[in-house]
Amino acid sequence: MAKIELTASGLQELEAELAELIEVRRPAVVERIAQAKGFGDLSENSEYDDAKNEQGFIESRIVEVESILSHAVVVKPPSNVKTVKIGTTVTFTDTGTRKQQTFDIVASANANPMKGLMSDESPIGAGLLGKKEGDKVELKTPAGIMTVKINKVKATK
């Protein structure tokens with residue numbers, strides 16, 4: 001696996017998630033499985049099946065997060081920001097709708113557009129990489145092509 005660039009806060013979030021999975025969620029699901037076994041016949045025990053499915057999800061997420069962390073490289077916050085890259089906050093205006101949006105550009109492992117964290121690999125994030133304030137950029141999104149004007153690029157706090 002190649003190196004995975006993360007911001008310092010993104011690294012902390014993944015470390016916290018891993019601790020939660022290992023220290024809280026894993027023991028809780030093990031307890032649920034033990035309780036469900038007490039209900040009798042496992043072949044028709046929905047509580048047992050649900051708990052085993054959750055255990056599978058938790059274990060696979062632990063492996064995934066551990067893999068990400070083992071390949072993580074913390075991206076230093078840029079000091080003299082001129083272009084969009086991981087670790088920057090970009091504000092742009094959709095020239096069609098005049099709607100302004102602001103996103104922090106992060107590695108895909110930390111992406112969460114609902115929280116304003118845009119992956120550098122997403123159509124919007126990838127399209128903005130390397131651009132600077134004042135640039136007009138055509139972004140190919142699943143909803144179609146949108147043209148944006150970059151208003152501001154700054155280091156993410």
Side-chain angles (χ1 to χ4, degrees), residues 1-32 50-157:
M1 182 180 247
K3 292 180 182 178
I4 300 173
E5 294 181 324
L6 298 174
T7 61
S9 63
L11 180 68
Q12 289 174 343
E13 287 175 20
L14 284 172
E15 289 171 339
E17 179 185 357
L18 183 61
E20 168 84 8
L21 288 167
I22 292 172
E23 297 168 12
V24 178
R25 293 190 59 197
R26 180 189 270 166
V29 79
V30 167
E31 178 63 28
R32 280 185 56 210
D50 289 344
K52 287 300 281 183
N53 287 336
E54 183 179 353
Q55 182 184 40
F57 169 79
I58 290 169
E59 295 302 326
S60 66
R61 183 62 182 157
I62 288 171
V63 169
E64 180 181 17
V65 173
E66 286 176 336
S67 177
I68 291 168
L69 291 174
S70 72
H71 294 90
V73 175
V74 176
V75 177
K76 294 178 184 170
S79 56
N80 188 8
V81 179
K82 295 202 185 282
T83 61
V84 177
K85 56 185 145 194
I86 291 178
T88 59
T89 300
V90 60
T91 302
F92 60 87
T93 302
D94 182 329
T95 60
T97 64
R98 301 274 186 233
K99 182 178 177 188
Q100 183 171 294
Q101 296 183 350
T102 300
F103 289 105
D104 292 346
I105 304 299
V106 298
S108 61
N110 298 122
N112 186 339
M114 300 304 288
K115 291 184 177 179
L117 305 174
M118 184 65 63
S119 167
D120 65 324
E121 297 175 6
S122 69
I124 293 174
L128 294 173
L129 288 179
K131 305 301 188 268
K132 59 184 184 294
E133 287 181 19
D135 284 355
K136 284 192 178 180
V137 184
E138 277 194 4
L139 302 173
K140 296 176 184 165
T141 70
I145 295 176
M146 69 187 239
T147 303
V148 301
K149 181 179 181 214
I150 299 176
N151 303 326
K152 188 169 188 170
V153 179
K154 65 179 184 174
T156 301
K157 294 180 181 175

_Suppose we screen for side chain to side chain contact (heavy atoms under 4.5 Å, CB included). Which residues come up paired with Asn151, at least two apart in sequence or across chains?_
Thr91, Thr93, Gln100, Lys149

*Which atoms form the tightest heavy-atom contact between Leu6 and Ala109, and what is the distance?*
CD2-CB, 4.0 Å

*Nearest 0.5 Å please: distance from the OG1 atom of Thr88 over to the NZ atom of Lys152.*
12.5 Å

*How long is the span from the OG atom in Ser9 to the CG atom in Leu14, to the nearest 0.5 Å?*
10.0 Å

*Using the test side-chain hydrogen bond (donor to acceptor under 3.5 Å, both in side chains), find all partners of Asp120 that sit at least two apart in sequence or belong to another chain.*
none

*May I ask you to test the Thr7-Thr156 pair for a side-chain heavy-atom distance under 4.5 Å?*
no

*Would Arg61 and Ile58 count as a side-chain contact (heavy atoms from CB on, under 4.5 Å) if you check the C-alpha gap in whole Å, the side-chain angles of each, and the deciding distance to 0.1 Å?*
CA-CA 5 Å; Arg61 183 62 182 157; Ile58 290 169; 5.9 Å; no

*Test side-chain contact (heavy atoms from CB on, under 4.5 Å) on Asp50 and Arg32 and set out the steps.*
CA-CA 9 Å; Asp50 289 344; Arg32 280 185 56 210; 3.8 Å; yes

_Ion pair Glu59/Arg26, N-O distance below 4.0 Å_ = yes

*Quick one: does Leu11's side chain get under 4.5 Å of Leu69's, heavy atoms only?*
yes

*If every non-hydrogen atom of Pro113 is compared with every non-hydrogen atom of Met118, which pair is closest and at what distance?*
CB-CE, 4.5 Å

*Residue pair Thr95 / Arg98: nearest heavy atoms and the distance that separates them*: O-NH1, 3.5 Å

*asked:* Return the CD to NZ distance between Gln55 and Lys52, rounded to the nearest 0.5 Å.
replied: 4.5 Å

*asked:* As an exercise, state the distance from CG of Asp104 to NZ of Lys154, rounded to the nearest 0.5 Å.
replied: 8.5 Å

*Where is the tightest heavy-atom contact between Thr141 and Gly144, given as atom of each residue plus distance?*
OG1-O, 2.6 Å

_For the student: nearest non-hydrogen atoms of Lys85 and Ile105, plus distance_ = O-CB, 3.5 Å

_Contacts of type side chain to side chain contact (heavy atoms under 4.5 Å, CB included), residue Thr97, not counting sequence neighbours_ = Asp94, Lys99

*What distance separates Leu129 CG from Ile124 CD1, expressed to the nearest 0.5 Å?*
12.0 Å

*His71 versus Ser67: any side-chain heavy-atom pair under 4.5 Å?*
yes

*Are the side chain of Glu133 and the backbone of Val153 linked by a donor-acceptor contact shorter than 3.5 Å?*
yes

_Rounded distance (nearest 0.5 Å) linking atom CD of Glu13 with atom CG of Leu117_ = 6.5 Å

